[in-house]
Amino acid sequence: MGRSFSIGNSFPVISMSVRLQKFLAEAGIASRRASEQIIQEGRVTVNGQVTRQLGTKIQPEKDKIAVDGQSIKPKRKVYVALHKPSGYVCTRKDPEGRKTLANLIPIEWTGLYSVGRLDRESEGLIFLTNDGDFALKLTHPRYGARKTYYATIEGRVEPVMLQKFKDGVVDAGDLLKAQKTRLVSANNTRSVVEVILGEGKNREIRRLFEAVGLTVLRLKRVQIGPIKLGELPAGKWRTLTEPEIKSLLAQI
């Protein structure tokens with residue numbers, strides 16, 4: 001099992017406003033629809049005051065919420081950066097018996113799921129969390145969270161090929177497009193290319209290179225937004241800091 005690469009196991013407390021009914025649903029009180037009814041019935045207090053207004057915004061880590069007089073504690077949000085090794089799939093369980101991300105994190109983290117995907121052969125930085133809003137903002141195309149990869153390619157890559165990636169390549173009905181590309185090194189045996197994506201379609205980088213007749217030998221994600229993989233060893237994890245989480249959300 002992968003171990004923490006950081007000191008201690010404390011998690012940052014992120015104060016973000018959420019709708020009251022969403023908070024109640026996430027705390028396991030009731031479904032979101034049923035939580036709305038509970039609010040309208042006057043059974044919920046915020047800092048000691050009854051509220052019947054749907055859509056009321058609260059800060060779970062600061063405000064005191066109670067239902068029928070019973071204090072409701074927020075679900076602690078967990079944000080983890082993991083260096084995924086090649087050979088692992090981004091699920092908690094795999095029907096084919098392949099190694100999964102669950103093999104790399106503490107067993108008690110049953111509620112964490114990966115933010116996006118890296119295919120089995122790929123490696124590098126991936127986030128895990130139990131915060132659905134955080135995951136949505138980093139994966140939905142409309143937010144355009146930038147992800148940086150280093151691709152090791154068989155043979156020599158010419159600059160003209162990289163321009164095609166920025167212009168866009170159609171493959172199987174999908175428009176595949178890189179925001180930026182940079183040739184890091186090249187010789188007749190292999191080349192290394194930096195690729196930045198704003199929207200990650202399924203196996204997009206591999207398909208981009210295949211479209212121009214090139215084979216990806218190794219693919220490593222080295223950065224998501226402002227967060228870099230850095231010196232985090234393969235198979236290890238660390239918790240994201242509060243400034244890191246805020247910087248991620250500020251850029252999307």
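Just so it is clear, the model here is predicted, and its values are computed rather than measured.
- A donor-acceptor pair shorter than 3.5 Å can be found between the side chains of Ser122 and Arg206.
- Side chains of Val193 and Ser185 form no contact here, defined as non-hydrogen atoms less than 4.5 Å apart.
- Of the possible polar contacts, none joining the Tyr88 side chain to the Asp119 backbone as a donor-acceptor pair under 3.5 Å is found.
- Between Thr45 and Gln49 the shortest side-chain heavy-atom distance does not fall below 4.5 Å.
- A donor-acceptor contact closer than 3.5 angstrom is absent between the side chains of Asp94 and Thr91.
- A side-chain donor-acceptor contact under 3.5 Å links Asn187 to the backbone of Arg190.
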Between Tyr79 and Phe134, does a ring-ring contact (aromatic ring centres under 6.0 Å, His included) hold up when you go through it step by step? CA-CA 9 Å; Tyr79 307 87; Phe134 176 82; 5.0 Å; yes

Determine, step by step, whether Glu154 and Arg218 satisfy the salt bridge (charged side-chain N to carboxylate O under 4.0 Å, His left out) criterion, reporting the C-alpha distance in whole Å, the side-chain angles of both residues, the deciding distance to 0.1 Å, and the verdict. CA-CA 9 Å; Glu154 185 176 13; Arg218 184 184 183 190; over 6 Å; no

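- Ser71 places no side-chain N or O within donor-acceptor distance of the main-chain N or O of Ala66, the cut-off being under 3.5 Å.
- Ile224 contributes atom CD1, which lies 10.5 Å from atom OG1 of Thr139 (distance to the nearest 0.5 angstrom).
- In this structure a side-chain-to-backbone donor-acceptor pair under 3.5 Å is missing from Asn103 to Lys99.
- Here Leu197 contributes atom CG and Arg221 contributes atom CZ; the two are 9.5 Å apart, rounded to the nearest 0.5 Å.
- For the pair Glu244 (side chain) and Thr241 (backbone), a donor-acceptor distance under 3.5 Å is present.
- Between the side chain of Arg207 and the main chain of Asn202, a donor-acceptor pair closer than 3.5 Å is present.
- In Lys201, the NZ atom is crowded: over 12 heavy atoms of neighbouring residues, nucleotides or ligands sit closer than 6.0 Å.
- Contact record, Arg92 with Ala102: O-CB, 3.5 Å, taken as the closest heavy-atom pair.
- Using modelled atom types, one side-chain atom of Lys84 and one backbone atom of Arg120 make a donor-acceptor pair closer than 3.5 Å.
- The main-chain N or O of Ala145 is found under 3.5 Å from a side-chain atom of Lys147 such that the two form a donor-acceptor pair.
- Between the CG atom in Leu240 and the CG atom in Leu248 there is a gap of 6.5 Å [rounded to 0.5 Å].
- With Asn130 contributing its side chain and Val78 its backbone, the two residues share a donor-acceptor pair below 3.5 Å.
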Check against side chain to side chain contact (heavy atoms under 4.5 Å, CB included), Val50 and Val44: CA-CA 6 Å; Val50 173; Val44 181; over 6 Å; no

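- Within the 4.5 Å cutoff, no side-chain heavy atoms of Leu249 are placed close to those of Tyr143.
- Defined by atom type and a distance below 3.5 Å, a donor-acceptor pair is missing between the side-chain atoms of Glu36 and Gln40.
- From Trp109, atom CH2 reaches atom CG of Leu101 across 12.5 Å, with rounding to the nearest 0.5 Å.
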